[in-house]
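As the structure is a computational prediction, the values presented were derived from the model and not from experiment.
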Amino acid sequence: MPNAKLTDQLHLHFIVFIWGFTAILGKLITITALPLVWYRMGIATALIGLYLLFKGIGPKVTKRDFGLLIVGGVALAVHWVTFFMAIKTATVAVALTVMASGAFFTALIEPLWNKGKIIGYELLFGMAVLFGLAVIFGLEPQYVTGMLLALLSAFLAAVFSVINGRLVKTARPSVITFYELLIGVTLLSLYLGVTNGFSKAFFDLPANDWSYIAILASICTAYAFIASVRVMRNLSAYTVMLTINLEPVYGIVLAYFILSDSERMSAPFYIGAGVIVLTVIANGWIKNRARLKRR
């Protein structure tokens, strides 16, 4: 069992590393955010559908759950569109740093959703995140549009995370993701259809874009999701949450080396980013210690 835990822990870090690479791919892909997300969701839906078929997992859900899945699918689609718009409007480092605020949107939304109390230390951590964001906004005013898009994306990520927290109690994670991806790509297809977005140019992509989109949809979406569920057999929720909070760190480091000068920010920026990321990690650590004590 110790060997299995070590293997799964290394695997989890690899998965989070892959998620950090998602932002790099978004910057490298030349098409705009909306078609990029349409391709990502469409291909990933097909791949996870094949996975469910291969595993013999039925896609049946209750009517109540399906209503939540619709909301989650819409939130996921718009979250990804605004995320990639932020990546293309600002830099990977700026967008990922602002996206880290999603944990605190969750801390505010979850008590309202579950009719619970807002925890005091989470408000203090929220103030620390706001301080970090204020530093970044003041230092990088040319990226304000990208930062606002990233904030909206982080809020939507919190919305579908809270919804998924309810859905996972009654449905398989793979089924939840399949439906949310399917609903999301259907929404985008309807929008593109109404706005005549499905032009010849829409499907005429450069060879590099096809390669990057294939990696994004298969490895960074379908594979990473299925693998992240699998490693939870031997790892605690604390380990998983704490590791996932490292995604902005991996993404920013990767962007620094892969995208070179365009991602090299000023030293004060990294101070603001460090405040946000460390606060998010501290929040995860405290919350999971509290859960362990309650057991």
Query raised in the report: By ring pair (Phe, Tyr, Trp, His ring centres under 6.0 Å), which residues pair with Y179, not counting sequence neighbours?
Result: F66
Query raised in the report: With side chains defined as the heavy atoms from C-beta onward, is the minimum distance between L216 and Y212 less than 4.5 Å?
Result: no
Query raised in the report: Got a sec, which residues hit ring pair (Phe, Tyr, Trp, His ring centres under 6.0 Å) with F155, two or more places apart in sequence or on another chain?
Result: F105
Report task. Identify the two heavy atoms, one from V175 and one from V61, that lie closest to each other, and give their separation to 0.1 Å. Result -> CG1-CG1, 3.8 Å
Query - For L152, all residues meeting side-chain contact (heavy atoms from CB on, under 4.5 Å), sequence neighbours excluded - result: T82, L156
Report summary line: CD1 (I213) and OG1 (T221) are apart, to the nearest 0.5 Å, by 11.0 Å
Query - Taking every non-hydrogen atom, the tightest pair across S174 and I48 - result: O-CG2, 3.9 Å
Query raised in the report: Got a sec, which residues hit side chain to side chain donor-acceptor pair (under 3.5 Å) with T32, two or more places apart in sequence or on another chain?
Result: none
Query - With S211 via side chain to side chain donor-acceptor pair (under 3.5 Å) - residues at least two apart - result: none
Query raised in the report: If only atom types and distance count, is the side chain of T177 paired as donor or acceptor with the main-chain N or O of P173 below 3.5 Å?
Result: yes
Report summary line: Contacts of A157 meeting side-chain contact (heavy atoms from CB on, under 4.5 Å) (sequence neighbours excluded), chain-then-number -> H79, F160
Query raised in the report: How long is the gap from CD1 on I183 to CE on M41, to the nearest 0.5 Å?
Result: 9.0 Å
Ignoring hydrogens and angles, write down the donor-acceptor pairs under 3.5 Å from the side chains of residues 52-60, residues two or more places apart or on other chains.
none

Query raised in the report: Can you find a heavy atom in the side chain of T22 that is under 4.5 Å from one in the side chain of R40?
Result: yes
Report summary line: Between A77 and L187 the two heavy atoms that sit nearest each other are CB-CD2, 4.4 Å
Report task. Would you please name every residue forming a side chain to side chain donor-acceptor pair (under 3.5 Å) with T170, sequence neighbours left out? Result -> D65
Query raised in the report: Rounded to the nearest 0.5 Å, how far apart are CG of L76 and CG of N164?
Result: 8.0 Å
Query - Gap between atom CD1 of I31 and atom CG of D204 - 0.5 Å precision - result: 11.5 Å
**Report entry** Transitive ILVMFWY side-chain link F257 to V92, under 4.5 Å
**Finding:** yes
Report task. Not counting sequence neighbours, which residues clear side-chain contact (heavy atoms from CB on, under 4.5 Å) with L47? List them please. Result -> I43, S218, A222
**Report entry** Side chain to side chain, D209 and Y39, heavy atoms closer than 4.5 Å
**Finding:** no
**Report entry** Residues that T45 engages under side-chain contact (heavy atoms from CB on, under 4.5 Å), provided they are two or more places apart
**Finding:** F178, L181, L182, V185
Report summary line: Tightest non-hydrogen contact, residues K88 and T30, listed as NZ-C, 4.3 Å
Query raised in the report: What distance do I24 atom CD1 and I215 atom CD1 have between them, rounded to the nearest 0.5 Å?
Result: 12.5 Å
Query raised in the report: Any idea which heavy atoms bring M99 and A150 closest together, and the distance?
Result: SD-O, 3.4 Å
Query raised in the report: Which pairs, with at least one residue in residues 80-99 and sequence neighbours excluded, count as a ring pair (Phe, Tyr, Trp, His ring centres under 6.0 Å)?
Result: none
Query raised in the report: W38: what forms a ring pair (Phe, Tyr, Trp, His ring centres under 6.0 Å) with it, not counting sequence neighbours?
Result: F198, F202
Query raised in the report: How about F17: does its CZ atom have over 12 heavy atoms from other parts shown lying under 6.0 Å from it?
Result: no
Query raised in the report: So, for G146 and A86, which heavy atoms are closest and what is the spacing to 0.1 Å?
Result: O-CB, 3.3 Å
Requested in this report: Give a yes or no on whether L190 and L34 share a hydrophobic cluster (residues Ile, Leu, Val, Met, Phe, Trp, Tyr; joining criterion: side-chain heavy atoms under 4.5 Å apart).
Outcome: no
Query raised in the report: Does any non-hydrogen side-chain atom of E180 lie less than 4.5 Å from one of L167?
Result: yes
Query raised in the report: Distance from M85 atom CE to T145 atom OG1, nearest 0.5 Å?
Result: 9.5 Å
